[in-house]
Amino acid sequence: MTSTQRRVSRRAQHKLGGTGAKVTARNTLIAYAFMLPFLILLVVYHTWPVIFGTYLAFTKYNIISPPQWVGLANFRELFADEQFWSGLTNSLKYILVVPVIQVIAILVALLVNRPLKGIGFFRTAYYVPVVTSFAVVGLIWNWMYQQGGPVTAVLGFLGLPQNGSFLNNPATALYAVMFVTLWKGIGYYMVLYLAGLQGISPELEEAATIDGATRTQVFWNITLPGLRPTILVCSLMSTISAIKVFEEIYVMTQGGPAGSTYSALFYTYSRAFVDFQYGLAAAAGIIIAVISILFGLINFKLTRGGKVDA
Amino acid sequence: MTSPLPAATAPMSAEEHARLAAQLKSRRVARQRVQNVLAYAVLIVIALIMLYPFYWTLITSFEPTGNIYEAKILPKGVSLRNYAEVFSGTTVPFWRLILNSLVICVLGVTITTTLATLAAYPLAKMRFPGRDLIFYSILILMVLPNEAGLIVNYITTIKLGLLQQTNPVIDAIRQYMAVVLPGAASIIGLFLLRQAYLGVPQELIEAARIDGARELTIWRRIMLPLALPTIVAFAILEFVAYWNSFLWARIMLPDKNMLPLSAGLLELSSTFSTNSRAVMAGAVITIIPILIVFLMGQKYFMKGLEGAVKG
């Protein structure tokens, strides 16, 4: 179709009541019809939980009788509850995973970014734990950690102390679970960093090399600043999921031994689905949410908003 | 790289020049080779750390007897006994779990991709009042943490009557929907698809509109085919997510016959506390479909993830 023809027929369309590109009542209706099913589910399962959850935090509620407004009582109860504090402490300890996983993921991404033969195999291999359910991964590591199992064997081989079963020891259980989170997550962040690395212009690195920069200099002055937006996204995601750690704990230790792996979200879960204290659970959820937002902001500050320019 | 040329007082002959170049080149090749060997060594060590736990579970699941938790490289004896046990040795209805997982995945992937491919179209290619408002509200929802989600969604599911019991067939459908619906409006999916649609030339759509095509036709005949790689990537991501979901299903479904495989596996491990090898066999069966789907769609899958960051 030539442009003249198009202009003519567009004018013709205009007379007929406008094309789809125009804002008309009919087009607006069509647009909303496209989005309607999505929006309904979005409101029911994403918006409503935020609104109703916030309301529930100020009530006593057990599903059977209607919610009863209690003001700040739930929050007072939480702050007086030692179990809640220990859950919160463990969740905050879990943030230890974040720097470790990010550094390893960046190093692994640099490694698999090289044009080596068969590199695709390694990228795929590192991603296998990511696509496997925590239900499976948790069980596998439960077995791996058993006394006399593969983990003990490796530690013995390396000449390290073999501490019995790590998951049964309150001093080590949390770190043993952290290792699984790390192991499962590396591949995920590796792919994201790989994408970030591919966004850095190779000309820039080449130019620096020609100007006599060493490999380390290129890494610190070009590669790492270029990765800053990715680092922001990744550390944000991993901090928030560390604070909300739950599934690996649910499968591997159920919060034990002696509450040593009891996390904040595990507290929320047991208040809601074991004790049916939905109001208290919702209040705990709000505190976790606020902490997540705070850490998100800290992250944002630390990475300077993910801007590429230093 | 430092200058390869020595500060020569006299100009080098062509021969000398060539010899120097060859020398430098072979030194570079040698260094490259050492670096490659080192890189492969590290790559292999990491691959072992990532894959050995799976391999170990696989070989142990085939062993009929012996020290179960022992570290090993080859199985001590091979038998299918543990696999038979999974299907017949407990009260956990394993065939039914497989069926449940398949139904949940098919329903979940179909509904989720359909809703996202539909909803992303106006947001990318139509003009209407409220478009930016809707877009930014969805953006905020993605950032807002949703801790109370589990609790409120549980309450909602009960209030919607999805767990009511009337007749077996309808109950089953309702319970599958109870598992699928909370994840069916995928914000990430909406973003991925909007991004893919934005790449479709506006002229193509205008031309179709001028020819009198209806929006639904444009969506089906132009947008869907052109966004197909992203749609496939998203469908695979969703398949993995639905196949692996266990927590929500365990909370929602009081009837053990309705559980998906991942959730049922935990059930298996608690009823099978004396026979971990059979649970391992169950774990292997649970992983295999996800590995097949992942390996088939690997290229799309990685792209889809990359798009999620850049988007």
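Within every chain, numbering begins at 1; the chains are lettered A, B, ... in the order of the sequence lines, protein sequences first and strands thereafter.
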> Can you find a pair of side-chain heavy atoms, one from A/Tyr278 and one from B/Val152, that are under 4.5 Å apart?
Replying inline: no
>> Is B/Trp219 close to chain A through its backbone or its side chain, or both, or neither, when contacts mean heavy atoms under 4.5 Å?
In response: side chain
>> Is any side-chain heavy atom of A/Tyr127 closer than 4.5 Å to one of B/Met50?
In response: no
>> If I measure from the heavy atoms of chain B, does A/Leu39 come under 4.5 Å with its side chain, its backbone, both, or neither?
In response: side chain
> With chain B, which of A/Val131, A/Leu41, A/Val136, A/Leu42 has the greatest number of heavy-atom pairs at distances under 4.5 Å?
Replying inline: A/Val131
> chain A: which of B/Tyr69, B/Trp243, B/Phe128 shares the most heavy-atom pairs with it under 4.5 Å?
Replying inline: B/Tyr69
> chain B heavy atoms under 4.5 Å from A/Ile240: which part of the residue, side chain, backbone, both or neither?
Replying inline: neither
> Which answer fits B/Ile151, side chain, backbone, both or neither, if we ask what part of it has an atom under 4.5 Å from a heavy atom of chain A?
Replying inline: both
> Under a 4.5 Å heavy-atom cut-off, does chain B meet the side chain of A/Arg26, its backbone, both or neither?
Replying inline: neither
> For B/Pro129 and A/Thr28, which heavy atoms make the closest approach, and how far apart are they?
Replying inline: CD-OG1, 3.4 Å
>> Quick check on B/Ser262 against chain A: is it the side chain, the backbone, both or neither that has a heavy atom closer than 4.5 Å?
In response: both
> For B/Lys159, is it the side chain, the backbone, both, or neither that has a heavy atom closer than 4.5 Å to a heavy atom of chain A?
Replying inline: side chain
> So do A/His46 and B/Ile187 actually touch side chain to side chain, heavy atoms under 4.5 Å?
Replying inline: yes
>> Restricting to side chain to side chain contact (heavy atoms under 4.5 Å, CB included), what partner residues turn up for B/Asn67, sequence neighbours left out?
In response: B/Glu70
>> Go through it in stages, so that I can follow the logic: the residues are A/Leu139 and B/Leu266, the test is side chain to side chain contact (heavy atoms under 4.5 Å, CB included), and I'd like the CA-CA distance, side-chain angles, deciding distance and then a yes or no.
In response: CA-CA 8 Å; A/Leu139 282 176; B/Leu266 295 178; 4.2 Å; yes
>> Which residues pass the side chain to side chain donor-acceptor pair (under 3.5 Å) test with B/Tyr121, not counting sequence neighbours?
In response: B/Arg209, B/Glu215
> Is it the side chain or the backbone of B/Ile251 that comes within 4.5 Å of chain A heavy atoms, both, or neither?
Replying inline: side chain
> Under a 4.5 Å cut-off applied to non-hydrogen side-chain atoms, are B/Phe54 and A/Pro129 in contact?
Replying inline: yes
> Is the closest side-chain heavy-atom distance between A/Glu247 and B/Leu247 below 4.5 Å?
Replying inline: yes
> With a 4.5 angstrom heavy-atom cut-off, which part of B/Ile218 approaches chain A: side chain, backbone, both or neither?
Replying inline: neither
> What residue, out of B/Val240, B/Leu261, B/Ile205, has the most heavy-atom pairs lying under 4.5 Å from chain A?
Replying inline: B/Val240
>> Please classify the contact of B/Leu295 with chain A as side chain, backbone, both or neither, using a heavy-atom distance under 4.5 Å.
In response: side chain
> Relative to chain B, which segment of A/Leu56 carries a heavy atom at a distance below 4.5 Å: side chain, backbone, both, or neither?
Replying inline: side chain
> Are B/Pro53 and A/Trp183 side-chain neighbours, meaning at least one heavy-atom pair lies under 4.5 Å?
Replying inline: yes
> Using non-hydrogen atoms only, which part of B/Ser186 is less than 4.5 Å away from chain A: side chain, backbone, both, or neither?
Replying inline: backbone
> Non-hydrogen atoms of chain A under 4.5 Å away: do they reach the side chain of B/Ile158, the backbone, both or neither?
Replying inline: side chain
> Of the non-hydrogen atoms in B/Ile134 and A/Tyr32, which two are nearest, and what is the gap between them?
Replying inline: CD1-CE2, 3.4 Å
> For B/Leu150, is it the side chain, the backbone, both, or neither that has a heavy atom closer than 4.5 Å to a heavy atom of chain A?
Replying inline: both
>> For the OG atom of A/Ser133 and the CD1 atom of B/Ile287, what is their distance to the nearest 0.5 Å?
In response: 9.0 Å
> What heavy-atom pair brings B/Ala39 and A/Arg114 nearest, and what distance separates the two atoms?
Replying inline: CB-NH1, 3.9 Å
> Side chains of B/Ile44 and A/Phe122: closer than 4.5 Å at any heavy-atom pair?
Replying inline: yes
> What closest approach, in Å, do B/Tyr40 and A/Lys117 show between heavy atoms, and which atom pair accounts for it?
Replying inline: OH-O, 2.7 Å
>> With a sphere of 6.0 Å drawn around CG of B/Leu38, does it hold more than 12 non-hydrogen atoms of other residues, nucleotides or ligands?
In response: yes
>> Counting only non-hydrogen atoms closer than 4.5 Å, does B/Leu181 touch chain A with its backbone (N, CA, C, O), its side chain (CB onward), both, or neither?
In response: both
>> Would A/Thr132 and B/Asn244 count as a side chain to side chain contact (heavy atoms under 4.5 Å, CB included) here? Give the steps.
In response: CA-CA 7 Å; A/Thr132 315; B/Asn244 285 339; 5.6 Å; no
> Where does B/Leu160 contact chain A at under 4.5 Å (heavy atoms): side chain, backbone, both or neither?
Replying inline: side chain
> Considering all heavy atoms of both residues, which atom of B/Pro122 and which atom of A/Met35 are nearest to each other, and what is their separation?
Replying inline: CG-CG, 3.7 Å
>> Is there a side chain to side chain contact (heavy atoms under 4.5 Å, CB included) between A/Phe52 and B/Thr156? Walk through the geometry before answering.
In response: CA-CA 10 Å; A/Phe52 192 57; B/Thr156 306; over 6 Å; no
> Relative to chain B, which of A/Ala153, A/Ala272, A/Pro37 shows the most heavy atom pairs under 4.5 Å?
Replying inline: A/Pro37
>> Using every non-hydrogen atom in the two residues, find where A/Leu111 and B/Leu43 come nearest and quote the distance to one decimal.
In response: CD2-CD2, 3.6 Å
> Within a strict 4.5 Å, meaning less than it, do heavy atoms of the B/Val279 and A/Trp143 side chains meet?
Replying inline: yes
